[in-house]
There are 2 protein chains.
Amino acid sequence: MAKRSDTQGRLDDAARAGWLYYVAGRTQDEIAAAMGISRQTAQRLVSLAVAERLIKVRLDHPISVCLELGERLREKFDLQHAEVVPSDPLGASSTVGIAEAGAAEIERWLKRPDPIIIAVGTGRTLKAAVDQLPPMECPQHRIVSLTGNIGPDGSAAFYNVIFSMADAIKARHFPMPLPVLCSSVEERATLHDQALVRSTLALGAQADATFVGIGELGVDGPLCVDGFLARDEMLRLIERGATGEICGWIYDRQGRLLDNDVNERVASVPIPSRETSRVIGLAQGKRKWPAIKAALTGRLLNGIITDESTAAHLLGD
Amino acid sequence: MAKRSDTQGRLDDAARAGWLYYVAGRTQDEIAAAMGISRQTAQRLVSLAVAERLIKVRLDHPISVCLELGERLREKFDLQHAEVVPSDPLGASSTVGIAEAGAAEIERWLKRPDPIIIAVGTGRTLKAAVDQLPPMECPQHRIVSLTGNIGPDGSAAFYNVIFSMADAIKARHFPMPLPVLCSSVEERATLHDQALVRSTLALGAQADATFVGIGELGVDGPLCVDGFLARDEMLRLIERGATGEICGWIYDRQGRLLDNDVNERVASVPIPSRETSRVIGLAQGKRKWPAIKAALTGRLLNGIITDESTAAHLLGD
DNA sequence: TTTGCTCATGGGCAATTACTCAACATTACC
DNA sequence: GGTAATGTTGAGTAATTGCCCATGAGCAAA
């Protein structure tokens, strides 16, 4: 072998080394011996082959599309965590898939041996996820609800998930003994000043991981369906740009919290800081697209669990 | 995480881990942390992904030496297609390398939008190539087997590749519901006269691309090892000049089909015309050298995929 | 219920691979 | 012809990976 300096010959060698390594499955020592070079050089050729993209790896599994979408979501919206599950082509259920994925992620946090604080919001999707959790003993952790558990008619709010979670997970849990929406700013101030509530608020602010649903606005959205807002209030909000809500906090197309009379009455703990907490939203479905996009755009979340078609939309334009 | 015992979920995890490792370039420690499992488990998932062939590595770089050998092969034997892959110096496997290259070539044909007919022979090398094919939807093409799929003992012939191909490629496929070798000329005539078989025979003759293995003769060759021919029959054939076989058709040193009682009983479709079909052989290895050389000399093929050392030998003298 | 089997798990350890550094060679430029 | 810039090499070392083993969970047969 004459001149080793020419690029062509070097790429040839890289290809050959890469072939022996990846296709033939030889070790770099064997490659070095076969090609009459040192092991280090063999290693360099192999990594050159990778760097020059001579080696193409393909994953033949439906999951690969989802992983790629997740990667792109992470990049585009500067997320810490993005998980994409295959879309149910029939679109039958709004929770199939992401419930399991959400449960798996919650479980990963719960499995940690060091004590952490997990905050949960509300909503059908999150409830479905929590229902997938296996029984676990986690005395070291604390679980706190971000939203009140008293519905508009005074009954227990059905989609408050912390109680479902407490059924499965043996850990201290902290509900919010409040209505979801107070009747006035003053009432909220009074309620939030109770010792019990204050400690829950403080706990929520320290959450290490936060799981929330994302609600779309509209007369068929959860806020109306569950009776928290009347039709005309909702329509007025939408007129003023309201696009989605997380834990009752209503935000616009850019994901900015609206400054209006509804947000002033929301009793929920503020969404924990995205600096100190992993705030993961669970949502999918065409109806929620604008709400999800706005939440990500406004950095209300730094984690998302969604499905393929939603991810594709979020990346689409 | 619900059921961790189910195979499907495990393969999903394996795909995830494999993707993170090979595509995203993460270390196994990072994967373990991300998936909430131990490093050892992550390692197991990665190697499972490899073992289950979820991960396919391909080298996209024509090494100039191989290119040159291919060029000279094309010229010397008047071939339409010649592809040479690097030789594994340890020569451990007889299919490593050309399987990937063969799969890539098959894939190129399958990707064509216009409907074509692809014929396949049999053999270990071809089987290995077909196993490398990614799932594809090709409703426009038809795939036909040149060889029967019933083994000498009546069971399904293991190295009949059309079924493996049907697993990956969604296209109409046409097996040959026949033994590989008939018991007599008369039986072959009868069998070939069946309507189903006649249409398959006709289809094979029209093949646009044909992929076949090349078998060497000898008591260790595939015909004997797989039980199609007895030792003494084989020895008698060799005495009479038999050098190799393609789809069971036995030929001599010049690549001329032998006129004997074995060829009279071969149930296979005749090798498609080299005028109208691209007939590509996949073979490498010293033991096959005479068989390959004869096949090329006799123009039984107009395409070859082989390895460096074989190519060098074919050009050598 | 018990027994025996299979298989996933995590720890430990050896093999393998990636990276850093300093020396040397080659090329480009003055 | 000298000199700087660039790139390559081997040695050493840190990081990563592959494999074996003991353990325990899950499951089917006894």
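Protein chains get the first letters and strands the later ones, always in sequence-line order, with residue 1 at the start of each.
- Side chain R44(B) to base dG10(C): a donor-acceptor pair is found below 3.5 Å.
- Judged by closest nucleotide on DNA chain C, R39(B) is the one of T27(A) and R39(B) placed further toward the 5' end.
- Atoms CD (Q28(A)) and P (dT16(C)) sit 11 Å apart, rounded to a whole Å.
- For the pair E71(B) and R74(B), the salt-bridge criterion is met [side-chain N within less than 4.0 Å of a carboxylate O].
- Summarising the geometry, the separation between CG on L48(A) and P on dT17(C) is reported as 17 Å, rounded to the nearest angstrom.
- P222(B) and G215(B) make their closest contact through CG-CA, 4.0 Å (heavy atoms, listed as atom of the first residue, atom of the second, distance).
- Across the protein-nucleic acid pair, R26(B) atom CZ and dT17(C) atom P stand 22 Å apart, rounded to whole Å.
- A sub-4.0 Å separation between OP1 or OP2 of dT9(D) and a side-chain N or O of S38(A) is absent.
- At a threshold of 4.0 Å, the pair R108(B)-E105(B) counts as salt-bridged, since one of the basic side-chain nitrogens sits closer than that to a carboxylate oxygen.
- In this structure, CG of L45(A) is placed 15 Å from P of dC19(C), rounded to the nearest angstrom.
- Crowding of K170(A) atom NZ: a count of heavy atoms from other residues, nucleotides or ligands under 6.0 Å exceeding 12.
- Distances shown here put a side-chain N or O of Y21(B) below 4.0 Å from the OP1 or OP2 atom of dT17(D).
- Distance M35(B) CE to dT9(C) P: 10 Å, rounded to the nearest Å.
- Between the P atom of dA14(C) and the CD atom of Q43(B) lies a distance of 17 Å, rounded to the nearest Å.
- A straight line from CG of D29(B) to P of dG11(C) spans 12 Å, rounded to a whole angstrom.
- The side chain of T41(A) lies closest to dG10(D), out of dT13(D), dG10(D), dG18(D).
- A donor and an acceptor atom sit less than 3.5 Å apart, one in the side chain of Q40(B) and one in the base of dG11(C).
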